[in-house]
Every structure is written in structure tokens, then in C-alpha cells.
Amino acid sequence: MVKKKQLRLIAEMARKIRAYRELKSRPRDSQKYALDYETLKRPHTGKMLPVLAWQDVRRETRLFSLLAGMRMFGVGRMFTRKSWLEEHPEPSYWQITKVKVDYTAENMDHGKAWGILSHKGKQESEAKEVDKAIYHDWRLIPKHMEQQFKEFEPLPEPPVRYVPYPPLLRAMMLAQFKKAHGGAATEEPALPSRRDVLLNKDYFREQEKAAQRKEGTPV
């Protein structure tokens, strides 16, 4: 019979204690993102903000600086960003659904918020965490303008246009189709002029994994 592996209770407890101490020793967001507005440096890291952000830091407000002074921490209200107002005419905003405040912060102006994003007039179906909440470009949408943002109807997307393949590539594709299916292709192969690819970290990570699968892992 195979002996059962005995649990090392003391070692397991020591591991949990180390993990707990490591978690408690991590700096909170209120410490990590604290900012000295005179020197424009973060005291925790000693790094200075980029020069392009100085004007917004002095004139604009962070999201939680607005939420901290509102009833129910702004749940149900709509917020937009200055960069969105300048980049495109379609309304983009967050409607806050949940707020988790860091009560250890001096002015309770740090934490996490969740909401429903409407980007360029298109509203997402599910709520998610608000990103870039520490940026100094958030603005509260007045109540008398909320309906104006909600009633915007996005323009229909233009149809995807297609262009013919180069002659050599077209001949190769037709020959491959004929070899695979045993007959000539009924439709002319065409290349879409637009391809929607989300160039984020996951996309490049998948590309690296695909290249490794083809080349193999070096030993």
C-alpha cells in the first residue's frame, strides 16, 4: 500500500505567515501613488512625473478626488476624461456602479472603482474596474448633461472593402484550393482592406507562444 503523504503543519503555517507578512509589507496605493504637488515627485519612489503631465496635474483632478467629496462616493454618477473630450466628438464616459475606498488614505482619495464604460457612444454590457483612475484628467458630468451623453446614437460602421490579391499570390491560392477540393474556386479570393487587431500584451504574448511552438524551445 502507498503511504499517505503527511502534511507538514508547521511548514505550511510558516509559509502562510510569510505570505501574509509579504502582503502586509506591500505599499498601499495611497503610499505608492502619493504625489508632492510642489516638486511633482512621488515620495515613495522619488521619481518625477513626465513634463507633459505637469499642466494636467496642476489644473485637473483624479477620479477619487472627485468621488471622495460626493454622496455615496459617486455611485450612479457619470465621469469622463479631458483626453476623451479632446480626441473625439463621440461621448465616452464611465457610469460608476461600485466603489471600494482605501480608508487608510489621508483624504480617502484612493481605492478602486467599477463601472460600465461607454466608449465613442458604444456601451459595454458588463461592469469592469475603472482603469487609469490615478490620472489627473477626470471630470464629473453634470446631471443636466447626462441625458445628452446617453441619447447619442453612434454612426453605423462603414462596410469592409476588399481588394484583389497580387497575381502571384492569387495563383498560388487558386492552385492550393484546386488541390485541396479537386475543383476550381467559385469565388475570387479577395483581401479585406481593414483588419481589426487588438494590439495589447495578450496579443504579443500569443504571437511569441506561436513562434516558440514552431521553432521549439532551445535546450
Side-chain donor-acceptor contacts of residues 43-54 below 3.5 Å, not counting sequence neighbours, with atom names and distances?
| unit_1 | atom_1 | unit_2 | atom_2 | d |
| --- | --- | --- | --- | --- |
| Thr45 | OG1 | Lys47 | N | 3.4 |
| Trp54 | NE1 | Leu49 | O | 3.1 |
| Trp54 | NE1 | Pro50 | O | 3.3 |

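A salt bridge does not link Glu22 to Arg18: none of the charged side-chain nitrogens sits closer than 4.0 Å to a carboxylate oxygen.
Within a 6.0 Å radius of OH in Tyr20, other residues, nucleotides and ligands contribute 12 heavy atoms or fewer. In this structure, Tyr135 places its OH atom where only 12 or fewer heavy-atom neighbours from other residues, nucleotides or ligands lie under 6.0 Å away. Annotation: Met70, atom CE; neighbour count of heavy atoms from other residues, nucleotides and ligands within 6.0 Å is above 12. In this structure, Lys41 places its NZ atom where only 12 or fewer heavy-atom neighbours from other residues, nucleotides or ligands lie under 6.0 Å away. Remark: Glu12 CD is packed, more than 12 non-hydrogen atoms of other residues, nucleotides or ligands lying under 6.0 Å away. For Glu146, the CD atom is densely surrounded, since the number of other residues' heavy atoms within 6.0 Å is greater than 12. Taking a 6.0 Å sphere around CD of Glu188, one finds it holds more than 12 heavy atoms contributed by other residues, nucleotides or ligands.
The two residues Phe64 and Ala113 come nearest to each other via the heavy atoms CZ-N, 3.9 Å.
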> Can you list the steps and then say if Ile141 with Arg77 is a side chain to side chain contact (heavy atoms under 4.5 Å, CB included)?
Replying inline: CA-CA 8 Å; Ile141 299 177; Arg77 296 299 302 272; over 6 Å; no
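The backbone N or O of Trp84 sits nowhere less than 3.5 Å from a side-chain atom of Ser92 that would complete a donor-acceptor pair.
Side-chain contact check for Leu40 versus Arg58: some heavy-atom pair is nearer than 4.5 Å. The shortest distance between side-chain heavy atoms of Arg170 and Pro166 does not fall below 4.5 Å. Proximity of Ile116 to Tyr93: side-chain heavy atoms (C-beta onward) are nowhere separated by under 4.5 Å. For the pair Asp102 and Arg28, the minimum side-chain heavy-atom distance is below 4.5 Å. With contacts defined as side-chain heavy-atom distances shorter than 4.5 Å, the pair Arg139/Glu60 qualifies. Inter-residue side-chain proximity for Ile96 and Trp114 is flagged as unmet; no heavy-atom pair is nearer than 4.5 Å. Contact of the His136 side chain with the Thr61 side chain is not registered, since no non-hydrogen atoms from C-beta on lie closer than 4.5 Å. Contact annotation: the side chain of Trp138 approaches that of Trp94 to within less than 4.5 Å [non-hydrogen atoms, C-beta and beyond].
A side-chain hydrogen bond (donor to acceptor under 3.5 Å, both in side chains) with Asp137 holds for exactly one of Lys132, Arg62, Arg81; it is Arg81.
Clustering ILVMFWY residues whenever any of their side-chain heavy atoms sit less than 4.5 angstrom apart, transitively, puts Met145 in the very cluster that holds Met78.
In this structure, Glu206 has no salt bridge (charged side-chain N to carboxylate O under 4.0 Å, His left out) partners at least two apart in sequence or on a different chain.
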